[in-house]
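Here the structure comes first, spelled out in structure tokens, and everything after it is commentary.
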Amino acid sequence: MNDLITLTAAELAAKISSGEVSSVEATRAHLDRIAEVDGAVHAFLATNEEASLAAARDIDARRAAGEALGELAGVPLAVKDVLVTTDMPSTSGSKILEGYRSPFDATTVAKARAAGLVSIGKTNMDEFAMGSATENSAYGPTHNPWSLDRVPGGSGGGSAAAVAAFEAPLALGSDTGGSIRQPAALTGTVGAKPTYGGVSRYGAIALASSLDQVGPCARTVLDTALLHDVIAGHDRHDSTSLDFAWPSMAAAARGGVDPSSLKGLRVGVVKQLMIDGVQPGVKASFEQALALLTAQGAEIVEIDAPHFEYAVAAYYLILPSEASSNLAKYDSVRFGLRVAPEGGGTVESVMSATREAGLGAEVKRRIILGTYALSAGYYDAYYGSAQKVRTLIQRDFANAFAQVDVIASPTAPTTAWKLGEHGGDPMQDYLNDATTIPANLAGIPGLSLPIGTASEDGLPVGLQLMAPAFEDARLYRAGAAIERLIAERDGAPFWAQAPALTGKAGA
Ligand code: GLN
């Protein structure tokens, strides 16, 4: 294995910046790694070697010419296929967009390119980001690098697996109900869902616009923070984008490296997030992490959030409603696939044949549900009630944050399950989001980082931290401190225990 792929993004960036390593070498090493392992992992839907190496050469030339470049300049980046890019197809995991080429880059991708990051591929995902396992991709599932017969979580399983398998040091994802945080937990990586509006959604193929948020994935808290800094900020193309002077997340992560920064931190544990379905090994890892926090002088406070138990139900009305409207544009005329019934047919029959052929079962299920929930006579009973529950959940958070600085929970109730284990039962997938969904409903930031493995299966467990809106930096500070404590306990950083490195299993 080439040493360049096991460096953190911060380490690789430092080597590129000092001239010890070129961006072309770094990019080539990761493309070789993809060629070596992605047949088994299937994290990527597309790569474009020529375009990636050309971008890397450009960075090397600009550095040689003495140009001042961003901190991450020259470092490879994987991009979830929900983000449109000009260099490769953008499908959002759907057949209806097979081969679709965008005329522009999503703002986050444009910002990453402007900062000198090198896009090395588009990552696999559940179709239109609907799912918790990446089994709903129209292009086949992604496999968890920790154990190839397991799911990597979803919908951003491709980005998480790419980072876990050392195919990329950094990746972009999107999180509507947990799709950055839950895959991070299941693959032993780090992922953040920024404050709603903190990162532009322009060019992110919309799932549910009031919940969608683009964010960073990596193997360490600092790397995640560095990428967050690159993509954050106001964008006039996104009407919900916040015009706010964000503090440096990387500075917060660096500040947190000293675990004594945890002293006096008030950490809330929400009763309703410790649901019955939490796997014993996940619960045990979580409790060990809390004990490490207490030993550093953090204070654990039990929090009652009575409306959290309705979060999944409210989410699965709000999301399908917004999705049914967002997905109406795939009508056989404007984008992608067109299927004409034999002998031509009417406009309606072409539309219907196209959507029948181009959309998968989960997408159709949610369109039907959403259309129903928004229909005259039912709107108030379903969509209207769900929005009211959403307000109550926001109030529960406001109450909680009057008592604590951050909230901690297991990121997901279980570790990675076996491919096919849920047998197509969507409820089992939906319930795996119970811990991540509340943050999306409230628009607040969340971070997941690995805290160990579960005793019953040896698979990674994630800790979720949540903070009030605009307080993303607080998550990186606390997250970096916890990451350090876990590494001290284990005698190695968590990512260094990945089977891909130790050869225990997986890739
Ligand atoms: N699992 C959630 C869902 O299926 C998360 C989706 C997401 O965050 N994109 O809706």
Side-chain angles (χ1 to χ4, degrees), residues 80-83 91-94 123-138 141-142 151-160 171-187 191-194 196 199 201 204-217 277 311-324 326-327 359-367 369-370 373 386 390 411-414 416-417 422 424-448 462 464 466:
K80 188 179 181 184
D81 210 30
V82 73
L83 295 167
T91 70
S92 207
S94 182
T123 58
N124 197 16
M125 56 182 283
D126 285 304
E127 184 173 9
F128 288 112
M130 299 182 191
S132 307
T134 317
E135 291 182 296
N136 296 336
S137 167
T142 295
V151 302
S155 66
S159 280
L172 290 173
S174 67
D175 191 311
T176 304
S179 287
I180 292 176
R181 290 162 289 157
Q182 184 259 15
L186 270 50
T187 59
K193 172 222 172 290
Y196 182 77
V199 170
R201 291 181 297 112
I205 296 173
L207 169 53
S209 308
S210 76
L211 301 161
D212 294 346
Q213 193 49 216
V214 178
C217 317
V312 171
Y315 173 88
Y316 280 100
L317 282 168
I318 294 168
L319 179 139
S321 299
E322 294 185 15
S324 70
N326 275 327
L327 268 57
L359 299 175
E362 182 61 23
V363 175
K364 285 178 189 152
R365 179 181 297 123
R366 295 198 197 189
I367 290 174
L369 192 69
R390 186 174 190 172
T411 306
T414 68
W417 55 95
H422 286 181
D425 171 12
M427 272 317 282
Q428 290 200 49
D429 280 16
Y430 297 175
L431 289 173
N432 212 261
D433 304 332
T435 33
T436 48
I437 279 174
N440 299 81
L441 290 172
I444 63 167
L447 175 80
S448 177
Q464 172 177 236
M466 293 177 275

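Nothing here was measured: the structure is a model prediction, and the numbers come from that model. Order of appearance sets the numbers: ligands from 1, and atoms from 1 within every ligand.
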Could you identify the single nearest non-hydrogen protein atom to [atom] and state the distance to 0.1 Å?
{"atom": "atom 2 (C) of ligand 1", "answer": "Asp433 OD2, 3.1 Å"}
{"atom": "atom 3 (C) of ligand 1", "answer": "Tyr316 OH, 3.2 Å"}
{"atom": "atom 9 (N) of ligand 1", "answer": "Ser179 OG, 2.7 Å"}

Is a side-chain donor or acceptor of [X] paired with a backbone partner of [Y] at a separation under 3.5 angstrom?
{"X": "Asn432", "Y": "Ala412", "value": "no"}
{"X": "Ser94", "Y": "Thr91", "value": "no"}
{"X": "Ser159", "Y": "Leu172", "value": "yes"}
{"X": "Thr411", "Y": "Gln464", "value": "yes"}
{"X": "Glu362", "Y": "Asn136", "value": "no"}
{"X": "Lys193", "Y": "Asp212", "value": "no"}

Q.
Is Lys80 close enough to touch ligand 1? Criterion: a residue heavy atom under 4.0 Å from a ligand atom.
A.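 Flag not set, Lys80 not near ligand 1.
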Q: Consider ligand 1: state whether an atom of it lies below 4.0 angstrom from any non-hydrogen atom of Tyr315.
A: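 Distance cut 4.0 Å: Tyr315 passes for ligand 1.
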Find all atoms of ligand 1 within a distance of less than 4.0 Å from any non-hydrogen atom belonging to [X], and give their numbers and elements.
{"X": "Met130", "result": "4 (O)"}
{"X": "Arg366", "result": "3 (C), 4 (O), 10 (O)"}
{"X": "Asp175", "result": "8 (O)"}
{"X": "Leu207", "result": "9 (N)"}
{"X": "Leu319", "result": "10 (O)"}
{"X": "Ala129", "result": "6 (C), 7 (C), 9 (N)"}

Can you tell me if [X] and [Y] form a side-chain donor-acceptor pair at under 3.5 Å?
{"X": "Ser210", "Y": "Glu322", "answer": "yes"}
{"X": "Thr142", "Y": "Thr134", "answer": "no"}
{"X": "Lys80", "Y": "Ser174", "answer": "yes"}
{"X": "Asn124", "Y": "Ser137", "answer": "yes"}

Under 4.0 Å from ligand 1, counting heavy atoms only, is it the side chain of [X], its backbone, both or neither?
{"X": "Glu362", "value": "neither"}
{"X": "Thr176", "value": "both"}
{"X": "Asp429", "value": "neither"}
{"X": "Asn432", "value": "neither"}
{"X": "Ser155", "value": "side chain"}

Q. Quick one: OG on Ser155 to CG on Asp429, what's the gap to the nearest 0.5 Å?
A.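 Ser155 atom OG to Asp429 atom CG measures 11.5 Å (nearest 0.5 Å).
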(Q) Evaluate Gly154 for polar contact with ligand 1, using N/O atom pairs at a separation under 3.5 Å. (A)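 Checking ligand 1 against Gly154, no N or O pair falls under 3.5 Å apart.
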Q) Polar-atom distance check: Ser174 versus ligand 1, any N or O pair below 3.5 Å? A)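 No, Ser174 has no N/O under 3.5 Å of an N/O on ligand 1.
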Q. To which of Ala208, Ala323, Gly131 does the heavy atom nearest atom 1 (N) of ligand 1 belong?
A.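 Selected option, by shortest heavy-atom distance: Gly131.
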Q. Given side chains that start at C-beta, do those of Ile318 and Arg390 come closer than 4.5 Å, heavy atoms only?
A.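 Of all side-chain heavy-atom pairs linking Arg390 with Ile318, at least one is under 4.5 Å.
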